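Take a look at the structure set out below.
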2 protein chains.
Amino acid sequence: MVVDLHPAQADLVFHALADATRRDILTVALAGEQSVSALARRYPISLPAVQKHVTVLERAGLVTKHRHGREQLVRVEIDTLDRARRLLDELEAVWRERVGRIDAILSTNEGAPK
Amino acid sequence: MVVDLHPAQADLVFHALADATRRDILTVALAGEQSVSALARRYPISLPAVQKHVTVLERAGLVTKHRHGREQLVRVEIDTLDRARRLLDELEAVWRERVGRIDAILSTNEGAPK
DNA sequence: AAGATCTACAACCATACGGTTTCAGATTAG
DNA sequence: CTAATCTGAAACCGTATGGTTGTAGATCTT
């Protein structure tokens with residue numbers, strides 16, 4: 001299976017996830033697809049600060065905004081999240097495989113000249 | 001199953017992964033557990049820059065350093081990586097579950113007064 | 001039409017980040 | 001011992017980040 005997440009976007013996705021407020025926004029948004037101001041009321045920071053967090057999530061492709069009247073509803077794009085998880089999954093699989101190979105190499109090199 | 005990765009460390013882990021050079025260092029380090037200076041030769045940046053990247057990975061618990069003579073060998077702690085993947089796995093599972101609930105709610109609210 | 005609310009955008013500030021150069025301490029090689 | 005190498009730490013710089021306040025445009029409510 002191919003990872004359809006270019007490195008540059010992986011940077012954006014992991015950076016977006018590297019903040020507890022943004023991770024919480026993702027969780028809350030999925031629980032109700034609330035507006036930006038409704039999200040802002042849940043945190044002790046200003047509305048523009050929350051707007052910026054949403055923008056970071058949006059640039060990473062983790063959410064999209066959909067205008068509904070005067071409100072802007074935040075919708076989680078779970079597919080991007082899934083791709084991020086699969087990327088981590090693949091990386092870890094490759095890494096585990098290499099660990100296996102290293103173990104094999106080390107066991108045959110015991111006492112060999114350095 | 002419990003996620004043994006506190007939010008503060010999740011910040012560190014995701015931040016550490018949000019850089020292509022650091023992800024590559026992880027891959028390379030697993031392929032050979034090389035020294036810091038050996039790693040530095042692979043990139044077009046200075047040695048102290050690579051040292052800082054390794055420090056970021058170290059603070060996140062993704063690698064440990066082990067002195068071997070005058071060299072400092074970088075070892076990947078794959079368990080931390082595994083915990084990060086499981087964290088993402090759990091978050092996504094919770095989120096998917098909520099999506100399922102939302103779908104159910106929406107399907108019973110079809111045509112209901114807004 | 002008037003007022004309240006949701007949002008966006010700009011300016012600003014402090015701090016952190018990623019990079020550099022420089023200097024100093026250990027350790028191995030000759 | 002001397003010289004070369006690996007590492008670490010400090011000082012510095014430009015830019016990005018996360019936060020604020022303030023202003024202004026749409027949109028809903030009355």
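This structure is a prediction, so every number in the text was calculated from the model and none was measured. Computation of the quantities below employed the complete heavy-atom set of this structure, encompassing side-chain atoms and omitting hydrogens, waters and symmetry-equivalent molecules. Convention: sequence-line order gives letters A, B, ...; per-chain numbering from 1.
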Next item on the list: Would you sort out whether A:Arg22 and A:His15 count as a side chain to side chain contact (heavy atoms under 4.5 Å, CB included), showing the intermediate values?
Entry: CA-CA 10 Å; A:Arg22 286 195 287 265; A:His15 171 250; 4.0 Å; yes

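- Panel note: side chain B:Gln9, backbone B:Ala60; a donor-acceptor pair is recorded below 3.5 Å.
- For the atom pair CG of B:Asp11 and CZ of B:Arg59, the computed distance is 11.5 Å after rounding to the nearest 0.5 Å.
- A distance of 11.0 Å separates OG1 in B:Thr64 from CG in B:Leu57, rounded to the nearest 0.5 Å.
- Atom-to-atom, NE2 of A:His15 to P of C:dC17 comes out at 10 Å; the value is rounded to the nearest Å.
- What separates CZ of A:Arg70 from C1' of C:dA4 is a distance of 7 Å, to the nearest Å.
- Placement of A:Leu73 and A:Leu47 in two distinct hydrophobic clusters is found when ILVMFWY residues are connected by side-chain heavy-atom separations under 4.5 Å, directly or transitively.
- Here the CG atom belonging to B:Leu81 is positioned 11.0 Å from the CZ atom belonging to B:Arg86, to the nearest 0.5 angstrom.
- Look at CG on A:Leu73: it is 11 Å from C1' on C:dC6, rounded to the nearest Å.
- Classification of B:Arg85 and B:Asp82 as a salt-bridged pair holds, one side-chain N sitting under 4.0 Å from a carboxylate O.
- One atom, CG of A:Asp19, and another, C1' of C:dC17, lie 15 Å apart when rounded to the nearest Å.
- Remark: A:Ile45, A:Ser46, A:Pro48, A:Ala49, A:Lys52, A:His53 in residues 41-62 of chain A come within less than 4.0 Å of DNA chain D through at least one heavy atom.
- With rounding to whole Å, B:Asp11 atom CG is found 15 Å from C:dC17 atom C1'.
- You can see that DNA chain D meets the heavy atoms of chain A within a 4.0 Å-exclusive cut from D:dG18 to D:dC28, reading 5' to 3'.
- Projected onto DNA chain C by closest heavy-atom contact, A:Ser37 and B:Arg67 fall at different nucleotides, the more 5' of which corresponds to A:Ser37.
- Ion pairing between a basic and an acidic side chain is recognised when a charged N comes within 4.0 Å of a carboxylate O; B:Asp19 and B:Arg23 show no such pairing.
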